[in-house]
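Numbers for residues simply follow the sequence, beginning at 1. All ligand and atom numbering here is 1-based and tracks the order in the structure. Treat the numbers as computed from the prediction; the structure is a model and nothing was measured.
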Amino acid sequence: MRDHGGQSTALFREKAPLAPKPWLDCSTSLNPCGHPPSLQGLTQHLPSLVTHYPDADADELRQHLAQVHGQSKEALFCGNGSTDCMVQSVRASGAICGVATAPHWSGYAEISAAARIPFRIGDIHTLQIGEIFFVATPNNPDGKCISPVEFQSIALAHSHSFFLIDLAFDDYLHAPQESPWWKGEWPQNAIRVKSLTKFFSMAGIRLGFVVMPQSLEDAPVAVTLANQCPCHLVWTALV
Ligand SMILES: Cc1ncc(COP(=O)(O)O)c(C=O)c1O
């Protein structure tokens, strides 16, 4: 829990169930004259979006996404778009080099650079111990797909490397509740990331999440990821 602002209301509810409402958030020191009139429309629908620090744990949103995708909330972290999730996950994995097969989304090179590791183009047979392989399915730009069964056998055969499965376009093939990418047991070296900016056509509202394997759930960077969610109230309103 953070010391100053951004605590989830669920936590308040749990710690002080009998506290009279409305709760006053004393962390914000707001001007009593209020916000600019131009924000009125927004505050009418989402008052706390403007006046509160965002919930640093994205508690409600994580709960919702975890439920919809059949995952544990503890393993699911939200970020500012899947790009942010990927940078943080690559850091958390401790991978030494990013790898992707061409053609691939250009973001993987940038994500590797942001995570301060080199990036190279190569196919799966060239994957070395400690490297992280980016796989988008369907792939951008050619739409190529890999099946979860095929992927799992590859991941198990390279158990000393990492795999980042980019599901940015999976919604075009499967509803989240039915997607085979969210079913069953997953190899401990597989990180699943999903963008919500593509399918919902809202690239400007940065929203994505990552499901970390149990082996990386407690990695310090993954915890940092849980603390980065300035857009979370908009997201919560959308879901
Ligand atoms: C395959 C793929 N993954 C991820 C992203 C990034 O999405 P986000 O807006 O969630 O950061 C893109 C963006 O074009 C993409 O093409």
Side-chain angles (χ1 to χ4, degrees), residues 54 58 61-62 64-66 68-69 71 75-93 95 97-117 119-124 131-148 150-151 154-155 162-176 179-182 186 190-212 221-222 224-239:
L61 180 66
R62 285 170 62 221
H64 178 87
L65 290 172
V68 168
H69 294 81
Q71 302 299 305
L76 190 150
F77 300 93
C78 293
N80 294 314
S82 64
T83 306
D84 178 37
C85 296
M86 287 190 229
V87 173
Q88 301 297 336
S89 320
V90 171
R91 284 190 184 150
S93 71
C97 182
V99 185
T101 304
H104 62 79
W105 174 51
S106 60
Y108 302 137
E110 291 162 19
I111 286 161
S112 302
R116 299 205 176 86
I117 57 170
F119 173 80
R120 66 180 181 81
I121 293 177
D123 71 25
I124 189 69
E131 292 186 324
I132 186 160
F133 197 77
F134 295 94
V135 194
T137 180
N139 188 38
N140 174 7
D142 61 5
K144 198 171 160 193
C145 293
I146 177 173
S147 77
E150 195 185 344
F151 168 75
I154 294 172
F162 302 98
F163 290 84
L164 192 148
I165 307 152
D166 180 350
L167 297 167
F169 298 103
D170 186 50
D171 282 314
Y172 290 97
L173 299 182
H174 310 107
S179 171
W181 290 99
W182 301 112
W186 279 82
I191 299 167
R192 286 166 290 168
V193 180
K194 185 165 172 182
S195 167
L196 296 173
T197 74
K198 306 291 170 198
F199 191 70
F200 296 107
S201 294
M202 49 175 209
I205 295 176
R206 308 302 297 138
L207 175 55
F209 68 90
V210 50
V211 173
M212 296 298 262
V221 183
T224 314
L225 184 66
N227 288 325
Q228 298 180 340
C229 47
C231 290
H232 90 97
L233 276 176
V234 182
W235 307 345
T236 307
L238 289 167
V239 293

Open item on the list: Distance to the ring centre below 6.0 angstrom and angle to the axis at most 45 degrees; does that hold for R62 and F77?
Closed with: yes
Open item on the list: I'd like to know if the side chain of T137 reaches the main chain of I146, judged simply by a donor and an acceptor atom lying under 3.5 Å from each other, with no hydrogens or angles considered.
Closed with: yes
Task: Validation row, ring centre H64 to ring centre F209 under 6.0 Å - done: no
Open item on the list: Strictly below 4.0 Å, N to O, side chains only: are D171 and K194 in salt-bridge contact?
Closed with: yes
Are there any N/O pairs under 3.5 Å between ligand 1 and the protein, and if so, what are their distances?
residue  : atom   : partner : partner atom : Å
ligand 1 : 3 (N)  : D166    : OD1          : 3.3
ligand 1 : 3 (N)  : D166    : OD2          : 2.6
ligand 1 : 7 (O)  : S82     : OG           : 3.3
ligand 1 : 9 (O)  : T197    : OG1          : 2.8
ligand 1 : 9 (O)  : R206    : NH1          : 2.9
ligand 1 : 9 (O)  : R206    : NH2          : 3.2
ligand 1 : 10 (O) : S82     : N            : 2.7
ligand 1 : 10 (O) : S82     : OG           : 2.9
ligand 1 : 10 (O) : S195    : OG           : 2.7
ligand 1 : 11 (O) : S82     : N            : 3.3
ligand 1 : 11 (O) : T83     : N            : 3.0
ligand 1 : 11 (O) : T83     : OG1          : 2.5
ligand 1 : 11 (O) : R206    : NH2          : 2.7
ligand 1 : 14 (O) : W105    : NE1          : 3.4
ligand 1 : 14 (O) : K198    : NZ           : 2.8
ligand 1 : 16 (O) : N140    : ND2          : 2.7

- [ ] Look at the rings of Y108 and F134 and say which category their plane angle falls in: under 30° parallel, 30 to 60° tilted, over 60° perpendicular.
- [x] parallel
Task: Those residues that, when tested against D170, pass side-chain hydrogen bond (donor to acceptor under 3.5 Å, both in side chains) (two or more places apart) - done: H174, S179
